[in-house]
Structures are given as C-alpha cells and as structure tokens.
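Below is one structure, written out as structure tokens; comments come after it.
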Amino acid sequence: MKIATWNVNSIRTRSQHVVDWLGQNPVNVLCLQETKVPDADFPRLPFEQLGYHLYVSGQKSYNGVALLSLEPLADVSTGFEPILGASSVGELDQQKRVITGVANGIRIVNLYVPNGASVGSEKYEYKLYWLKVLREYLRSLLTKQPSDICISGDFNIALENRDLHNPDASKGQVMATDLERQALKEILELGFADVFRKFTAEDGHFSWWDYRAGAFRRNLGWRIDHHYLTSKLYQQAKSCTIDIAPRALPQPSDHTPVVVEF
DNA sequence: ATGGCAGTTCCTAACTGA
C-alpha cells in the first residue's frame with residue numbers, strides 16, 4: 001500500500017500536474033494540502049476518471065485538505081470537532097486543515113499545519129496552540145480502533161537540522177524554532193515515528209523549496225512534509241521517498257510529493 | 001543582499017505562504 005502527501009498550492013491551478021503524477025504514480029491514497037477551494041468548486045472529475053474517490057474539506061482562498069483514494073474510505077471526518085467536541089476546539093475548525101479516513105484498516109490523518117508567519121506573531125502563537133490541540137486529537141484517535149495510524153501532511157516544521165539546507169541561517173526562524181520542534185516532539189512521543197528517517201539518514205533531502213532566488217535549482221530546501229507512523233506500520237514500511245520530479249515542471253507547486261509504502 | 005516568487009480575491013493592491 002502506498003500513501004503520498006503533497007501540498008499543491010491550489011488544486012485548480014495544479015490539477016493537471018496531480019492528474020499526470022497519479023497516472024505515473026497510482027498511489028492508494030493521496031493526501032493534498034492547500035487546495036484553496038470551497039468543496040463545491042473542487043475539480044473532482046479528472047480524479048474520478050482516474051478511479052479515485054474524493055473526500056474534501058476546503059475553503060475560499062486559503063488552506064484546504066483532501067483525500068483521494070482508490071478504495072472508498074471508512075469513517076471519514078473533517079476538523080478536530082468530531083473527535084474532540086466543540087467546547088475544546090473553539091474556532092480552530094474555521095481553517096480547513098484536518099481530514100481523516102480509514103483505508104485497509106489504517107487510519108490516515110491528513111494535516112495542513114499552520115505556517116506561523118514569523119516568530120512572536122499572532123500566527124506563530126496560533127500555530128503552537130493548534131499543535132497542542134492536534135496532540136489531544138491524536139491522543140484520542142489512538143484510543144479508538146483502528147490504532148494503526150499514518151499521519152501525513154505539510155507540518156511546516158523541520159524537526160532536525162539535517163532537514164534544513166542552512167541550519168545556521170534558519171536557527172530560531174519559523175519552522176525551525178525550539179518551541180515548534182518541541183511541540184512536534186511531544187506529538188511524536190505519543191507513539192509516532194518519522195518513516196523517512198527509517199531509510200535515509202543524510203541531509204540534503206527536502207520537500208519544499210522557495211519559489212524565489214533559484215532555490216530549487218540550488219537545492220536550498222526544507223524537509224517539512226512528513227509521514228509519521230505508529231510502531232507496527234513503521235516496522236512494516238518498505239520505503240519512503242521524495243519525488244522531486246513535479247517540482248522541476250513549469251508552474252510547479254513549491255512542495256513536491258512524499259510517498260510511503262508498507 | 002530583508003530581496004526574491006506565486007497563489008488568491010471585495011482582482012492591477014493587499015493578503016498569505018514558508
């Protein structure tokens with residue numbers, strides 16, 4: 001079984017890229033982020049023609065997540081509220097960043113973690129708070145069935161210095177601050193592991209490159225798109241690879257797909 | 001080099017992203 005994650009930076013702009021990629025890489029489940037489209041306007045047809053079932057949670061202009069699956073998904077829900085209840089979620093579900101469903105007995109959680117803007121900003125505080133609520137959400141999911149969970153998505157956090165092209169320049173900047181890394185570590189301590197690092201220890205492997213300053217050509221990237229697996233799935237994993245080919249196409253997303261197989 | 005680029009909308013300016 002293959003699961004991929006890809007922040008497409010607008011599904012309407014990128015639909016042909018995604019269709020072409022799925023044609024060449026028929027993964028079982030594709031987790032999309034930053035679809036930037038209300039559910040009624042999602043371009044469903046080209047993906048349904050490829051045989052995918054679609055589950056979407058979007059909004060106008062910003063954010064938005066979607067699950068594309070060759071087999072129908074069970075127990076699909078969007079946002080934190082169905083798991084945590086309205087009282088502890090508050091306004092967080094206004095931004096569409098969470099969708100989950102079950103495929104082959106595996107719960108897949110597709111996330112678009114807030115960017116955080118700059119350190120000390122309101123958005124940075126929002127990101128840290130959102131991560132605390134995410135931890136409670138995942139803690140609750142772990143108590144349910146199935147407990148085999150694959151968390152996939154754009155985390156907007158580089159967990160370690162080897163996930164950065166220039167750790168010195170990035171030190172203390174958003175996506176690499178100690179507080180963000182600590183919040184993510186506290187999530188992983190619930191029982192999740194970074195499956196990319198099961199196979200690849202070296203630095204220089206990235207999933208996002210800035211559009212500016214020839215960053216992709218110079219491989220000045222960040223590894224911020226991740227698959228985190230519970231222990232049984234982690235042990236079963238056969239590979240986890242970053243496919244940089246779509247990032248090299250004309251008019252690309254600034255992120256590229258990451259694929260895990262188990 | 002605090003620039004650079006790309007997406008969106010109350011669309012040619014302002015915002016968000018990372």
Side-chain angles (χ1 to χ4, degrees), chain A residues 5-18 31-43 56-66 91-92 94-98 110-131 134 152-181 183-184 196 203-226 242 244 246-258:
Chain A
T5 182
W6 192 2
N7 177 323
V8 289
N9 188 15
S10 170
I11 189 59
R12 284 180 290 190
T13 296
R14 221 71 61 203
S15 63
Q16 192 59 51
H17 281 202
V18 179
C31 302
L32 298 176
Q33 303 89 34
E34 277 208 273
T35 53
K36 295 188 172 180
V37 65
D39 294 352
D41 298 328
F42 194 102
V56 301
S57 179
Q59 63 185 93
K60 190 165 60 176
S61 304
Y62 305 120
N63 311 313
V65 285
E91 311 287 287
L92 286 189
Q94 289 178 6
Q95 298 183 18
K96 305 306 181 190
R97 299 179 177 278
V98 179
N110 175 14
L111 300 177
Y112 176 47
V113 176
N115 161 288
S118 56
V119 177
S121 67
E122 265 184 42
K123 287 179 179 152
Y124 181 75
E125 297 302 322
Y126 181 91
K127 181 179 194 176
L128 294 176
Y129 178 64
W130 195 93
L131 289 165
L134 173 63
S152 303
D154 175 3
F155 283 75
N156 276 317
I157 299 172
L159 189 60
E160 303 172 295
N161 283 345
R162 58 180 167 166
D163 301 322
L164 304 165
H165 71 270
N166 189 341
D168 291 335
S170 308
K171 186 175 172 57
Q173 293 197 6
V174 72
M175 300 198 294
T177 66
D178 289 340
L179 285 175
E180 290 164 89
R181 287 175 167 181
L184 182 48
F196 182 79
D203 60 10
H205 296 274
F206 308 123
S207 63
W208 172 82
W209 300 260
D210 199 303
Y211 282 121
R212 299 165 290 189
F216 178 67
R217 176 173 50 78
R218 299 156 64 199
N219 197 29
L220 305 180
W222 298 53
R223 196 176 70 88
I224 56 176
D225 301 270
H226 305 294
I242 299 171
I244 66 169
R247 186 62 180 80
L249 296 173
Q251 283 93 50
S253 169
D254 43 356
H255 298 250
T256 210
V258 184

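Residue numbers begin at 1 in each chain, while the letters A, B, ... track the order of the sequences.
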Check: [Y] main-chain N/O paired with [X] side-chain donor or acceptor under 3.5 Å:
| X | Y | answer |
| --- | --- | --- |
| A/S253 | A/N7 | yes |
| A/N219 | A/G204 | yes |
| A/R247 | A/F216 | no |

*Does any donor atom in the side chain of A/S170 or A/Q173 lie under 3.5 Å from an acceptor atom in the other side chain?*
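Absent: no donor and acceptor within the cut-off.
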Integer angstrom distance from the [atom1] of [N] to that of [M]:
| N | M | atom1 | answer |
| --- | --- | --- | --- |
| B/dA18 | B/dC5 | C1' | 12 Å |
| B/dC11 | B/dT16 | C1' | 15 Å |
| B/dT9 | B/dG4 | C1' | 23 Å |
| B/dG3 | B/dG7 | P | 23 Å |
| B/dT8 | B/dT2 | P | 30 Å |
| B/dC15 | B/dC10 | C1' | 12 Å |

*Have a look at A/K36 and tell me which of A/T13, A/N9, A/D41 forms a side-chain hydrogen bond (donor to acceptor under 3.5 Å, both in side chains) with it.*
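Looking at A/T13, A/N9, A/D41, the match for A/K36 under the side-chain hydrogen bond (donor to acceptor under 3.5 Å, both in side chains) is A/N9.
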*Residue from A/D154, A/D254, A/D225 passing side-chain hydrogen bond (donor to acceptor under 3.5 Å, both in side chains) with A/S207*: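 When A/D154, A/D254, A/D225 are each tested with A/S207, the side-chain hydrogen bond (donor to acceptor under 3.5 Å, both in side chains) holds only for A/D225.
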Rounded distance (Å) that lies between atom [atom2] of [N] and atom [atom1] of [X]:
| X | N | atom1 | atom2 | result |
| --- | --- | --- | --- | --- |
| A/L164 | B/dA18 | CG | P | 15 Å |
| A/H165 | B/dA18 | NE2 | P | 16 Å |
| A/Q59 | B/dG17 | CD | C1' | 13 Å |
| A/N166 | B/dA18 | CG | C1' | 15 Å |
| A/W208 | B/dA18 | CH2 | C1' | 4 Å |
| A/M175 | B/dT16 | CE | P | 17 Å |
| A/D254 | B/dG17 | CG | P | 12 Å |

Are there any protein N/O atoms within less than 3.5 Å of an N/O atom in nucleotides 12-14 of chain B, and if so, which ones and at what distance?
none

_Crowding at CD1, A/I242 (>12 non-hydrogen neighbours, <6.0 Å)_ =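 It does: A/I242 CD1 has more than 12 such atoms within range.
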*Under the side-chain contact (heavy atoms from CB on, under 4.5 Å) rule, collect the residues that match up with A/D39, sequence neighbours excluded.*
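Partners of A/D39 under the side-chain contact (heavy atoms from CB on, under 4.5 Å) test: A/V56.
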*Find which nucleotide of DNA chain B each of A/K60 and A/R97 is nearest to by heavy atoms, and output the residue with the more 5' nucleotide.*
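Looking at DNA chain B, the more 5' nearest nucleotide goes with A/K60.
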Considering just the side-chain nitrogens and oxygens of [X], establish if one lies under 4.0 Å of OP1 or OP2 belonging to [N].
| X | N | answer |
| --- | --- | --- |
| A/H255 | B/dG17 | no |
| A/K123 | B/dA18 | no |
| A/Y112 | B/dA18 | yes |

*Hey, which of A/T177, A/N115, A/L179, A/V113 is the one that makes side chain to side chain contact (heavy atoms under 4.5 Å, CB included) with A/K127?*
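Answer to the side chain to side chain contact (heavy atoms under 4.5 Å, CB included) test with A/K127 among A/T177, A/N115, A/L179, A/V113: A/V113.
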*What is the nucleic acid contact for A/D225, judged by heavy atoms within less than 4.0 Å: base, sugar-phosphate only, or nothing?*
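No contact.
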Can you pull every protein N or O that's under 3.5 Å from an N or O on nucleotides 1-7 of chain B?
{"unit_1": "B/dG4", "atom_1": "N7", "unit_2": "A/R212", "atom_2": "NH1", "d": "3.1"}
{"unit_1": "B/dG4", "atom_1": "O6", "unit_2": "A/R212", "atom_2": "NH1", "d": "3.0"}
{"unit_1": "B/dG7", "atom_1": "OP1", "unit_2": "A/R14", "atom_2": "NH1", "d": "3.1"}
{"unit_1": "B/dG7", "atom_1": "O3'", "unit_2": "A/S10", "atom_2": "OG", "d": "3.4"}
{"unit_1": "B/dG7", "atom_1": "O3'", "unit_2": "A/T13", "atom_2": "OG1", "d": "3.4"}

*A/H255 and A/W208 aromatic ring geometry - parallel, tilted or perpendicular at 30°/60° bounds*: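 Ring orientation, 0 to 90° scale: tilted.
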